[in-house]
There are 2 protein chains.
Amino acid sequence: MKIHNSFVSKPTYIKSQREFSNILHGFDELDMKLLFELTKDGSISVPTLSKKLGINASVLYSRIKRLVKKKLIKKFTVEIDDSLLGISVKANVGINRDPKFKDEIHKKFMETPEVVSISEITGRFDIMIQVYAKNLESLHSVVIEKIGKIEGIQNTETFVELQKTDKDPVYLNELT
Amino acid sequence: MKIHNSFVSKPTYIKSQREFSNILHGFDELDMKLLFELTKDGSISVPTLSKKLGINASVLYSRIKRLVKKKLIKKFTVEIDDSLLGISVKANVGINRDPKFKDEIHKKFMETPEVVSISEITGRFDIMIQVYAKNLESLHSVVIEKIGKIEGIQNTETFVELQKTDKDPVYLNELT
DNA sequence: CTTGAAATGAATTGTCC
DNA sequence: GGACAATTCATTTCAAG
């Protein structure tokens, strides 16, 4: 049975807001546990998971299938160590641009291999991009030669990442 | 046989700089193809991959094992759709801090569930953090109430992500 | 070192409770 | 949601090129 979000108020027997929204989306604590385990190890076998969680394997098969079907799991993938592939410098670059060239600039970024993500943002900059490079020298040349010379780009400001700490996945947390 | 980087110059029969560094690290084009396929679909079976690439399954078994052993593949995992878990606002926050409180601030960030990554950077800010929140109101309250009030934080500047484009993985690209 | 096939063992599906 | 049986598939091993 499917219940639509906006017509339901939170019943008292549901403890946390998170549990509530999970139920509204049709996902429960077991789904969250699965996401947690699969994020840690996406190659774990269902029978192994079954033992670990103390839940029948058939249930896990159908749950995981459901998580994939409902697109909560976008895909199974691998996490790769960039540094072993020669990427030793990562930077964010804040950019201001002439709005007239928005699409053309986006296209240029898509064509620049060193640019790995492009975000439209609010605030001091219009765009923030992520740039991966082999070393500082090549980062510099990418920003100055390739990016700085794109028509419509008015200003760039580079933030080189010295050290990054990634945290546990969000769905483990209680967001306020 | 292992050859150390700095003592070897690029022989002429090796076409690209990328191919060269892969060889130095002991990884070749087949390894790159595997990384590409596994990034696209980490749950593909080896026999299926074998047909797709036209390469004997035994070879792929040993190659993948090697990629994992050498830590080029850090782990198998799943990609999750945050928005379906109620995360509808993502922001980067640039921060200036009193260096005396560096460690204490880092610890506070680690304790704040909305903070998903922490980067030490060069430039206008000392730190850039990524914040996930349910909505703009909760983002605002996290930045003002939780982060702004941490001792030693002098200044914050929030960049709300309006739209983000992620690109293809780096190891497909030719970096200069 | 690479291939292919055969034997093993494990994962997956379906059915019934 | 759980248990089990029937089936399919992945993985390892080994023998030969």
Side-chain angles (χ1 to χ4, degrees), chain A residues 1-3 11 13-16 18-80 171, chain B residues 1-3 11 13-14 19-20 22-80 84:
Chain A
M1 185 177 63
K2 215 172 150 189
I3 303 171
Y13 58 85
I14 296 176
K15 279 81 58 187
S16 70
R18 169 159 148 264
E19 189 184 345
F20 183 52
S21 49
N22 291 336
I23 289 169
L24 283 181
H25 288 99
F27 303 111
D28 64 9
E29 289 302 315
L30 176 56
D31 292 309
M32 296 304 116
K33 272 186 201 163
L34 282 174
L35 293 183
F36 174 60
E37 294 295 338
L38 291 175
T39 302
K40 272 203 315 192
D41 179 8
S43 67
I44 192 171
S45 77
V46 174
T48 308
L49 251 184
S50 164
K51 277 162 214 140
K52 191 166 182 179
L53 300 177
I55 286 167
N56 193 289
S58 330
V59 179
L60 298 188
Y61 278 113
S62 53
R63 287 295 189 119
I64 293 172
K65 209 166 259 178
R66 187 164 141 274
L67 289 173
V68 172
K69 197 174 172 193
K70 291 263 177 77
K71 302 279 171 65
L72 208 89
I73 293 177
K74 289 197 280 190
K75 66 173 180 179
F76 284 77
T77 186
V78 289
E79 223 178 273
I80 288 165
Y171 44 87
Chain B
M1 182 179 63
K2 217 174 152 186
I3 304 174
Y13 57 86
I14 296 176
E19 188 185 346
F20 183 51
N22 292 336
I23 289 169
L24 282 180
H25 288 97
F27 302 113
D28 64 10
E29 290 301 315
L30 176 56
D31 292 309
M32 297 303 115
K33 273 186 199 161
L34 282 173
L35 293 183
F36 174 61
E37 294 296 338
L38 292 175
T39 301
K40 271 205 316 193
D41 179 8
S43 66
I44 193 172
S45 76
V46 174
T48 308
L49 249 185
S50 163
K51 277 160 216 143
K52 192 167 182 181
L53 299 179
I55 287 168
N56 193 289
S58 331
V59 178
L60 298 187
Y61 278 114
S62 55
R63 287 294 188 120
I64 293 172
K65 209 168 260 177
R66 184 163 144 274
L67 289 173
V68 172
K69 197 174 173 196
K70 291 261 178 78
K71 300 281 170 63
L72 209 91
I73 293 176
K74 288 198 280 190
K75 66 173 179 178
F76 284 78
T77 186
V78 289
E79 222 176 273
I80 287 165
L84 293 179

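Predicted model only: the values in this text are computed from it and were never measured. Each chain gets a letter, A, B and so on, in the order the sequences are listed, and its residues count up from 1.
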Take A:K51 and B:R63, find for each the nucleotide of DNA chain C with the closest heavy atom, and name the residue whose nucleotide sits nearer the 5' end.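 Mapping each residue to its closest nucleotide by heavy atoms, the 5'-most match is B:R63.
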How do B:V59 and A:A57 order along DNA chain C: which one's closest nucleotide is nearer the 5' end? B:V59
Given atom [atom1] of [X] and atom [atom2] of [N], what is their separation to the nearest angstrom?
| X | N | atom1 | atom2 | value |
| --- | --- | --- | --- | --- |
| A:L34 | D:dG1 | CG | C1' | 14 Å |
| B:D28 | C:dT2 | CG | C1' | 14 Å |
| B:L30 | C:dC1 | CG | P | 16 Å |
| A:L49 | D:dG2 | CG | P | 14 Å |
| B:L53 | C:dT2 | CG | P | 15 Å |
| B:I44 | D:dC9 | CD1 | C1' | 14 Å |
| A:R66 | C:dT13 | CZ | C1' | 19 Å |

Distance below 4.0 Å between A:N56 side-chain N/O and D:dA3 OP1 or OP2: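 Answer yes for this pair, as a side-chain N or O of A:N56 is under 4.0 Å from OP1 or OP2.
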Measuring to OP1 and OP2 of C:dT13, would you say a side-chain N or O of A:K65 lies under 4.0 angstrom away? yes
Is there a donor-acceptor pair under 3.5 Å between the side chain of [X] and the backbone N or O of [Y]?
| X | Y | answer |
| --- | --- | --- |
| B:S43 | A:F76 | no |
| A:D41 | A:L38 | no |
| B:K75 | A:T39 | yes |

Answer yes or no: are there more than 12 heavy-atom neighbours, outside B:K71 itself, under 6.0 Å from its atom NZ? no
Nearest to the [X] side chain among [options], which nucleotide is it?
| X | options | answer |
| --- | --- | --- |
| B:S45 | D:dA3, D:dG1, D:dA10 | D:dA10 |
| A:Y61 | D:dT12, C:dT12, D:dG2 | C:dT12 |
| A:P47 | D:dT11, D:dG2, C:dA11 | C:dA11 |

Taking atom types as they are modelled, would you say the side chain of A:S58 forms a donor-acceptor pair with the base of D:dA3 within the 3.5 Å cutoff? yes
So, are B:K33 and B:D28 salt-bridged, with charged N and O less than 4.0 Å apart? no
